[in-house]
Amino acid sequence: LFYTSNIPIILQSALVSNIYFLSQILSSKFAGNVFVNLIGTWAESGYQRYPIGGLCYYLSPPETISHIITDPIHAIIYIIFMLGSCAFLSKTWIDVSGSSAKDVARQL
């Protein structure tokens with residue numbers, strides 16, 4: 001898993017972007033719904049929306065060191081999610097792309 005290309009990072013980023021997108025749509029259409037709030041609660045700042053609660057909040061990176069200090073649970077969940085999802089996608093990418101040690105040995 002040390003080197004699996006950058007595809008797992010791209011896939012993880014696309015996954016989180018899709019979760020954000022779905023959550024923002026659901027939040028704008030069904031604001032106040034308990035299940036929608038569990039996925040994500042959003043606040044607006046100018047033309048930008050940012051997560052302030054729910055799953056999307058914990059999947060977003062802490063913005064500054066002071067945020068890490070004031071909300072360490074957020075930082076820990078974010079780090080575990082990032083490392084876990086990237087490791088899972090890396091392992092899956094190795095199996096799917098044919099770049100495992102056995103596959104490379106067969107090619108030689």
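For this chain, numbers begin at 1 and follow the sequence in order. All values reported here derive from a predicted model rather than from experimental measurement.
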(request) Check whether more than 12 heavy atoms from other residues, nucleotides or ligands sit under 6.0 Å from atom CG of Leu83, and answer yes or no. (result) yes
(message) Side-chain heavy atoms nearer than 4.5 Å, only ILVMFWY residues, links allowed to pass through others: does that put Ile7 and Leu89 together?
(response) yes
(request) Determine, using the 4.5 Å side-chain heavy-atom cutoff (strictly less than), whether Ile76 and Met82 are members of one ILVMFWY cluster. (result) no
A side-chain contact here means heavy atoms from C-beta on lying under 4.5 Å apart; do [X] and [Y] qualify?
| X | Y | result |
| --- | --- | --- |
| Leu55 | Leu38 | no |
| Cys86 | Ile9 | yes |
| Ser45 | Tyr50 | yes |
| Ser60 | His74 | yes |

With a cut-off of 3.5 Å and sequence neighbours excluded, list every side-chain donor-acceptor pair involving residues 26-33.
from, atom 1, to, atom 2, distance (Å)
Ser28, OG, Gln24, O, 3.3
Ser28, OG, Ile25, O, 2.9
Asn33, OD1, Phe35, N, 2.9

(message) Can you list everything that forms a side chain to side chain donor-acceptor pair (under 3.5 Å) with Trp93? Sequence neighbours excluded, please.
(response) none
(request) Could you grab the distance from atom OG of Ser90 to atom CG of Leu11, nearest 0.5 Å is fine? (result) 9.0 Å
(message) Closer than 3.5 angstrom, by distance alone: can the side chain of Ser85 be matched with the main-chain N or O of Phe81 as a donor-acceptor pair?
(response) yes
(request) Check the side chains of Tyr57 and Asp71 for a donor-acceptor pair under 3.5 angstrom, ignoring hydrogens and angles. (result) yes
(request) Evaluate the criterion side chain to side chain contact (heavy atoms under 4.5 Å, CB included) for residue pair Tyr78 and Leu59; output intermediate values, then yes/no. (result) CA-CA 5 Å; Tyr78 173 74; Leu59 297 183; 5.7 Å; no
(request) Determine the minimum heavy-atom distance between Ser23 and Gly40, stating which atoms define it. (result) OG-CA, 3.4 Å
(request) Take Gln48 and Trp42 through the test side chain to side chain contact (heavy atoms under 4.5 Å, CB included) and record every step on the way to the result. (result) CA-CA 10 Å; Gln48 268 189 321; Trp42 297 82; over 6 Å; no
